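Here the structure comes first, spelled out in structure tokens, and everything after it is commentary.
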Amino acid sequence: MNALDILRQYFGHDAFRPGQREIIDALLAGRDALGVMPTGAGKSACYQVPALTLPGVTLVISPLISLMKDQVASLVQAGVPAAYLNSSLTPGQMNTALRRAAQGQYKIIYVAPERLSTPDMAILAGQTPISLLAVDEAHCVSQWGQDFRPSYLAVADFIGSLPVRPPVGAFTATATARVREDIVRLLGLRDPACVTTGFDRANLFFDVVEPKDKTAWVIDYVKRHAGQSGIIYCATRKAVEAVCQSLRARGFSATRYHAGLDDEERRANQDDFVYDRAPVMVATNAFGMGIDKSSVSYVLHYNMPKDLESYYQEAGRAGRDGERAECILLYSPADVQTAKFLIRGGEENEALTPEERDAVYRQDMRRLEAMTAYCRSDDCLRARILAYFGEPHEGHCGNCGRCVGDYATEDISESAQAVLKAVAQIERRYRSGLGLSVIAGALCGSREKRVLQLGLDETPFHGALRSLGRDKVRAVIEKLIADGLLVQTEGDYPVLRLSVEGRAARTDGRTITLRVRRAAKAPAGAVRAAAPSAHPDDEALLEYLRAVRLRLAQKERVPAYIVCNNAALADMALKRPRTPEEFLEVNGIGEFKAARYGAAFIAAIAEYEKSL
Ligand code: ADP
Ligand code: ZN
């Protein structure tokens, strides 16, 4: 089977992403390869696809137990026999895994670098032909990278000890020239095919805001992004505690992570986050290394970090599934003081001479300046980040807060009244109430199925706000919810109700305002940099499918995003498959997953449609 067929059949993707094809072709031709690609670009497929094409087994060196566990769970879900060998296994489990490996039962085995020099590995390598060796997070071999791991230095020896040298693929998101040279030299790569796709994460939207009340802003944001998973980074433990507490007090499932908590609680909280029991994580920068949750839709920074390296790394934990995600930094001038304080605290490194300490201090201050300049920048934020990392950018990305415009306050009293009136009429006419999406549709004059089925096209408010467009109408409704004039009920099918306050607002002639982005500076029709993703009209169906996914995940004891990612779920809501064949058409659904979960999702969609 050729590489593209493998990508389709196992992973459910239609085409290769930039760089994948070149690396796969090199490895399949027996050549070494070095892939420098940003997080979320799809490095795993670069070795997983060849692994499934080649005879024998592929070994993947990976630095973190949690990453390995995640990758193996994903592969097993895709129908690929895979396993990991690391210190989290009991001796019994280890023996079983080694025995199965020797019998050739696995196509892909993840190994911790520490294990490479064990007798077990030597025996395994003697018994089983290793057709490919992949080194994940390859920058760990370099002292110049951020996460140097001495155990990576053993990789070259291990390769040298193999009876037949397989092609070696090395992968990293860290792209400085020095680190790259180290990888080639220290892993002993031979004339590798080097593929660099650049630093840019096109699917991430960047913004810096300066709210008066950060906590209120965060609460509002989390509310507007209910159902999504996000991380909120704070500079101090105290801030973590306070923000987490505020969110919980308002009923959000938030959890926290910082060095002041004991191991057990940290692990439990991390699991709650990964398994979506607590979709919002409030944390210090101690959180994140080794977290592979790909479905993080936003990363907020409650405080400005001390340099752009940290910022880009932390913000980059959003959107690893390639879906549009937001990275928003809440800036306040006081953050500069906190950062300076932290930098001074780092000065007391005893291992350094006074001169070295001074040099480090000055470098840290320069980095802080660049970070601060980013926050105060009037022009493209993405261009600024990329320039900092030495990657030229034409300077207008169209997908950051600066490119799409700034905010202004707009009087929306008139359209707000139309919404309130509509909800009042709906309350009289449809006793159980209706959801936000369909109300917005009706107000815009939509003739979509749901609107017609409910007879909304015959109501007086059908099309009343046609001129505003759907997004704007949604924004008005959301503002009314935020102001407490409308209430959104809890549960699987939330509906809108008029609050007491909302009733009062219908007659007291108050002014209702909305903070909106001022006219976009972007030229009309500027292309959205992010890959277009499915935007199903039917949010309720998406919610419903999300619940189905969570149920399936709980049954399988894996995180929800491993059953299928958000992109697949959105595509499902859009395509509404009715048959197994149609289900296979959903992006990100391979044959194995279709066989495993197709029936449950198809039934759920049918059930949903019947309930309309
Ligand atoms: P990385 O290791 O580079 O951070 P991953 O390998 O985890 O990235 O892939 C990120 C996401 O991209 C995954 O959700 C994966 O399913 C998706 N992906 C990978 N290759 C493709 C492709 N060719 N088409 C569509 N999606 C892809
Ligand atoms: Zn921009």
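Each residue takes its place number in the sequence, starting with 1. Both counts, for ligands and for their atoms, begin at 1 and track the order of listing. Everything numeric in this text was worked out from a predicted model, so none of it was measured. These numbers come from the heavy atoms of this one structure, side chains and all, not from hydrogens, waters or symmetry mates.
Between Leu300 and Ile231 there is no side-chain heavy-atom pair separated by less than 4.5 Å.
Protein neighbours of ligand 1 below 4.0 Å, counting non-hydrogen atoms: Leu7, His13, Ala15, Phe16, Arg17, Gln20, Pro38, Thr39, Gly40, Ala41, Gly42, Lys43, Ser44, Arg320, Asp321, Asn565.
Aromatic pair Tyr311/Tyr374: ring centres closer than 6.0 Å. Note: Phe171 and Tyr47 meet the aromatic proximity criterion, with ring centroids under 6.0 Å apart.
The only member of Ile6, Asn2, Thr58 that meets side-chain contact (heavy atoms from CB on, under 4.5 Å) when paired with Thr53 is Ile6.
The aromatic rings of Tyr221 and His225 lie parallel to each other, with less than 30° between the two planes, well short of the 60° mark.
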I would like to know whether Arg402 and Asp207 meet salt bridge (Lys or Arg N to Asp or Glu O under 4.0 Å); could you show each step before the answer? CA-CA 7 Å; Arg402 301 296 186 258; Asp207 205 355; 3.7 Å; yes
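By the 6.0 Å contact criterion, CZ on Arg190 is open, its count of non-hydrogen atoms from other residues, nucleotides or ligands being 12 or less.
A cation-pi contact, defined as under 6.0 Å to the ring centre and within 45° of the axis, links Lys293 to Phe273. By the 6.0 Å and 45° rule, Arg266 stacks over the aromatic ring of Tyr257.
Protein N, O or S atom count below 2.8 Å of the Zn ion (ligand 2): the structure gives 4.
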